[in-house]
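The block underneath contains the structure these notes are about, expressed in structure tokens.
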Amino acid sequence: MRLAVLKESAPGETRVALLPDAVKSLVAKSLEVAVESGAGVASGHSDEAYAQAGATIAVDRASLLASADILPLVNAPNAEDQRSIKPGAVAIGFLRPLDEPAMLLPAIESGVTLFAVELVPRITRAQAMDALSSMATVAGYKAVILAADNLPRMFPMLMTAAGTVAPAKVFVIGAGVAGLQAIATARRLGAVVEAYDVRAAAGEQVRSLGAKFLDVDLGGIATEDKGGYAKELSEEALERGRDLIAKTAKTADVIITTAQVPGRRAPLLIRRDAVENMRQGTIVVDLAAAGGGNCELTRPGETQVLNGVMLFAPLNLPATVPGNASQLYSRNISNFLALIVKEGVLTLNMEDEILSGSCVAHQGKVVNPRVTAALEAHAAAQSHP
Ligand code: NAD
């Protein structure tokens with residue numbers, strides 16, 4: 001059984017799928033591990049560290065792809081790389097199967113078994129494999145650091161001989177994993193924090209972090225599905241949230257927005273007029289940019305200055321903290337591998353709900369109904385542009 005760790009090729013990607021310590025334990029379980037030269041350099045892990053962990057270092061990417069039985073990845077490889085993967089091999093990573101399903105067709109057609117970490121069910125047994133939560137934790141932290149670095153003020157309240165410095169006011173929209181980490185980070189820096197979420201259950205978690213939870217009367221409608229995620233709201237309910245957000249944003253120094261509804265475009269929550277009424281120097285970090293953004297003016301991947309308001313829309317904040325992002329991801333991937341490698345042999349028990357839930361394609365066929373629907377929608381859009 002041969003496992004290969006690639007140097008990620010997506011622009012700006014600095015993370016690596018497995019760290020040397022994870023490689024060491026796989027080698028101890030009789031797996032052969034090959035690492036593409038330079039794979040870990042951007043996250044602080046040299047080829048020597050991988051070699052010491054028992055990996056062989058390879059420079060020929062195509063032969064690495066052609067010989068591996070298992071490919072732990074951060075991002076989906078490009079089409080050419082996908083065509084080089086050995087048929088029947090298993091690839092695991094952030095494959096964006098619902099966002100860009102057609103990008104995976106070369107690997108699907110050549111019979112690669114694909115597992116998307118985004119689709120790992122959020123059941124208790126899978127918590128240690130929850131890469132979405134790991135990356136959201138890093139992004140929530142880094143969003144606050146980015147805002148603090150660009151804010152013309154400090155976060156904590158200070159009483160000095162030269163006068164008192166008021167604490168910064170931070171407003172967090174969406175109190176899921178990223179939002180809660182943003183609240184905790186902003187509180188540690190001494191800010192006064194307010195947060196809003198449509199799920200009432202988030203209120204208790206927000207308050208336990210020392211922040212104020214803002215409630216909106218949504219007329220008692222269900223805002224949460226049975227999996228604990230937010231539901232898509234009616235336009236009327238969304239508008240009530242937007243009004244509260246516009247009012248709160250007028251006096252905030254920093255706004256971190258993280259709201260997402262799984263499988264949907266990110267909800268539009270910050271209207272243009274809300275941005276126009278913000279104070280000069282306000283910082284907005286739209287962490288939902290990859291899903292289209294929570295702010296009407298967001299341009300994914302760009303930073304804009306609009307009437308003195310800085311609007312950040314980063315697409316890959318975890319890649320700006322590659323050491324810890326890779327550490328957490330490597331652990332998530334190792335735990336997933338423990339599920340599919342038994343006594344050194346690839347063993348795919350497709351009855352296991354973690355495997356069946358996260359599998360995109362197996363033996364040349366798409367096996368996930370949501371991915372099938374996404375591919376059909378893509379094909380329809382291509383034929384009727
Ligand atoms: P997410 O990234 O899908 O969304 C982020 C937040 O945006 C959520 O809290 C959501 O309620 C909020 N949101 C959606 N629409 C909104 C709107 N119109 N206005 C305001 N806020 C809106 O969520 P997530 O961070 O992945 O987590 C969602 C839930 O799943 C949380 O309850 C979390 O605790 C839970 N979770 C469970 C596990 C597990 O293993 N059991 C793991 C991770 C998360």
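Numbering of ligands and ligand atoms starts at 1, following listing order. What you are looking at is a predicted structure, and each value in this text was computed from that prediction instead of being measured.
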Please report which non-hydrogen protein atom sits nearest to [atom], along with the residue it belongs to and the distance in Å to one decimal place.
atom: atom 40 (O) of ligand 1; value: Q127 CG, 3.2 Å
atom: atom 34 (O) of ligand 1; value: Q205 NE2, 4.6 Å
atom: atom 5 (C) of ligand 1; value: T258 O, 3.4 Å
atom: atom 25 (O) of ligand 1; value: V177 N, 2.7 Å
atom: atom 31 (C) of ligand 1; value: R199 NH2, 3.5 Å
atom: atom 27 (O) of ligand 1; value: R122 NH1, 3.7 Å
atom: atom 29 (C) of ligand 1; value: G228 O, 3.5 Å

Considering only heavy atoms, does [X] approach ligand 1 within less than 4.0 Å through its side chain, its backbone, both, or neither?
X: A259; value: both
X: A201; value: neither
X: V261; value: side chain
X: Q260; value: both
X: L269; value: side chain

Is there a donor-acceptor pair under 3.5 Å between the side chain of [X] and the backbone N or O of [Y]?
X: T14; Y: A319; value: yes
X: D286; Y: T298; value: no
X: R153; Y: A166; value: yes

Salt-bridge test for R83 and E80: reply yes if a basic N is under 4.0 Å from a carboxylate O, no otherwise.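 No salt bridge links R83 with E80.
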Looking at A147 and I256, what are the two nearest heavy atoms and their distance? CB-CD1, 4.4 Å
Using 30° and 60° as the class boundaries, would you call the ring planes of F94 and Y329 parallel, tilted or perpendicular?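 The arrangement is parallel - the two ring planes meet at less than 30°.
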Drop me the distance from [X]'s [atom1] to [Y]'s [atom2], to the nearest 0.5 angstrom.
X: E118; Y: L95; atom1: CD; atom2: CG; result: 6.0 Å
X: T137; Y: N324; atom1: OG1; atom2: CG; result: 11.0 Å
X: Q205; Y: L180; atom1: CD; atom2: CG; result: 5.0 Å

For [X] and ligand 1, does the shortest N/O to N/O distance drop below 3.5 Å?
X: D130; answer: no
X: A178; answer: no
X: G176; answer: yes

Which atoms of ligand 1 sit under 4.0 Å from any heavy atom of [X]?
X: Y196; result: 19 (N), 20 (C)
X: A175; result: 9 (O)
X: L238; result: 18 (N)
X: S133; result: 42 (C), 43 (C)

So is D197 touching ligand 1 or not, going by heavy atoms under 4.0 Å? yes
Does the protein place any heavy atom closer than 4.0 Å to atom 37 (C) of ligand 1?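 False for atom 37 (C) of ligand 1.
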Can D130 and Q127 be counted as having a side-chain donor-acceptor contact under 3.5 angstrom?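 Side chains of D130 and Q127: no pair found under 3.5 Å.
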Side-chain H-bond candidate by donor/acceptor type, S133 with R122, under 3.5 Å: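 Per modelled atom types, S133 and R122 side chains form a pair under 3.5 Å.
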Heavy-atom side-chain proximity of L98 to L119 below 4.5 angstrom: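 Sidechains of L119 and L98: in contact.
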Can you list the steps and then say if E296 with R271 is a salt bridge (Lys or Arg N to Asp or Glu O under 4.0 Å)? CA-CA 5 Å; E296 195 178 341; R271 292 183 306 242; over 6 Å; no
